[in-house]
Number of protein chains: 2
Amino acid sequence: MTQELFARYSFLLDRTARKVKQYAQHQFKTGEFDVTVDQWLVLKNLSENELLSQTELANLVFKDHPTLTRIIDLLCKKGYVERIPHPQDRRSFQLHLTNSGLEKVGELKPKILEIREKAWENLTPKDFEEFKRILDTIYKNLDGHPIEE
Amino acid sequence: MTQELFARYSFLLDRTARKVKQYAQHQFKTGEFDVTVDQWLVLKNLSENELLSQTELANLVFKDHPTLTRIIDLLCKKGYVERIPHPQDRRSFQLHLTNSGLEKVGELKPKILEIREKAWENLTPKDFEEFKRILDTIYKNLDGHPIEE
DNA sequence: TTCATATATTTGTCACACTAACTATTGGTA
DNA sequence: TACCAATAGTTAGTGTGACAAATATATGAA
């Protein structure tokens with residue numbers, strides 16, 4: 001009985017996460033931002049950490065490597081990012097924001113922070129704390145192998 | 001300052017939703033359930049509501065029509081669902097669980113409830129209520145047009 | 001040196017999300 | 001009756017997500 005009720009969290013969580021992304025993506029499109037929500041996440045992290053490898057970036061944004069490869073491909077095509085061969089390790093790249101990419105981040109950042117605010121109306125600081133705690137707990141509960149160290 | 005936090009919460013929400021889905025999908029695969037997480041959601045709803053149209057089902061599971069069309073296609077191919085022409089409206093179908101589909105639901109339901117429980121370790125029923133309330137608030141904040149009724 | 005193993009990234013495949021455009025049908029209305 | 005807007009569903013294109021396998025390079029041990 002309670003079990004059935006609890007099982008609904010997955011549905012609600014998925015539904016809400018999709019709505020948040022959908023809302024942001026819609027605003028991105030209306031504002032002609034020229035990037036998707038996920039591409040923005042990557043750009044933002046690159047602006048805060050120069051010369052990351054793709055593996056390091058993947059760990060930061062919690063995306064798998066193939067997904068990241070494709071997002072980087074698109075960002076390169078748009079001229080916001082460059083892959084620079086790693087000086088020591090020829091398997092690897094250092095990711096570099098172009099000037100155009102830097103400009104883009106500067107231009108979009110305030111707009112996006114504003115967009116993100118909308119989701120959190122009618123919630124209190126205490127709600128945020130609870131929400132964060134619960135999300136983190138769920139994540140950890142399911143995060144099977146913290147890389148078996 | 002606070003604004004940056006909002007963006008951070010959006011990230012946590014997305015990350016956790018993906019983890020939940022990924023965990024479930026992995027268990028589905030290990031158990032050879034022969035359906036994806038989203039296909040299960042559709043099957044379950046069909047088992048609780050017979051003779052839905054695709055539009056009605058789409059509203060229940062909060063998926064868009066193209067997505068649902070493909071999920072139904074796959075479930076038909078697997079023999080769990082049938083599209084029955086609507087007797088009055090030739091544009092529409094009534095969705096029907098086959099015997100095989102019914103069996104599948106009966107077989108998987110308890111297993112899936114068990115899988116879903118894992119996320120709630122270390123959390124209380126009260127946490128669940130809070131979580132649900134916050135998710136619903138977020139959803140409503142962004143749900144621009146409550147179908148303008 | 002040579003080989004086994006590990007790491008960084010890419011490629012391929014399938015599933016899902018969102019948009020836009022399209023077909024067929026329905027139902028109201030002039 | 002003829003027209004036309006609305007509705008049900010499908011198709012196509014692009015982006016993302018997960019997973020497996022392939023490629024290239026690096027590293028450590030024999």
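All heavy atoms count here, side chains included; hydrogens, waters and symmetry mates do not. Proteins get letters first, then strands, A, B, ... in listed order; numbering begins at 1 in each.
Taking CG of A/L123 as the start and CD of A/E129 as the end, the distance is 12.5 Å to the nearest 0.5 Å.
If you check residues 27-44 of chain A against DNA chain D, the residues with a heavy atom closer than 4.0 Å are A/T36, A/D38, A/Q39, listed by number.
Toward the 5′ end of DNA chain D lies the nearest nucleotide of B/S53, the other residue of the pair B/S53 and B/R70 mapping further downstream. Comparing B/Q25 and B/T55, the nucleotide of DNA chain D nearest to each residue sits closer to the 5' end for B/T55.
We find that NZ of A/K78 is positioned 13 Å from P of D/dT14, with the value rounded to whole Å. Between A/H65 atom NE2 and C/dG12 atom P there is a gap of 19 Å when expressed in whole angstrom units. Atom pair B/H86:NE2 and C/dG27:C1' shows a separation of 15 Å (rounding to whole Å applied). To the nearest angstrom, P of C/dA15 lies 11 Å from CD1 of B/I71.
Remark: the B/Q94 side chain and the B/R83 side chain contain no N/O donor-acceptor pair separated by less than 3.5 Å. Between the side chains of B/Y80 and B/D34, at least one donor-acceptor pair of N or O atoms lies under 3.5 Å. A donor-acceptor contact closer than 3.5 angstrom links the side chains of B/Q39 and B/K78.
Side chain of A/R90, nearest nucleotide from C/dC16, D/dT25, D/dC19: D/dT25. Picking from C/dC16, C/dT11, D/dG15 the nucleotide with the shortest atom distance to the side chain of A/T69 gives C/dT11. Checking D/dT16, C/dT10, D/dA12 against every side-chain atom of A/K63, the shortest atom distance belongs to D/dT16.
Nucleic acid contact for A/Q88: sugar-phosphate only, since backbone atoms but no base atoms lie under 4.0 Å from a heavy atom of the residue.
Both tests hold for B/R15 against A/Y139: distance to the six-membered ring centre under 6.0 Å, angle to the ring axis within 45°.
Applying the 3.5 Å distance criterion, the base of C/dA8 shares no donor-acceptor pair with the side chain of A/R83.
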Between the protein and nucleotides 5-7 of chain D, which nitrogen or oxygen pairs are less than 3.5 angstrom apart?
unit_1, atom_1, unit_2, atom_2, d
D/dT7, O2, B/R91, NH1, 2.5

Candidate pair A/R116 and A/V20, rule side chain to side chain contact (heavy atoms under 4.5 Å, CB included), full reasoning: CA-CA 9 Å; A/R116 289 306 195 181; A/V20 167; 3.6 Å; yes
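In this pair, B/W120 and B/F131 present their aromatic rings perpendicular. The plane angle is above 60°, beyond the 30 to 60° band. Ring geometry for B/F6 against A/F128 counts as perpendicular: the plane angle is over 60°, on a 0 to 90° scale with 30° as the lower cut.
For the residue pair A/E50 and A/L95, the shortest heavy atom distance occurs at OE1-O, 3.6 Å.
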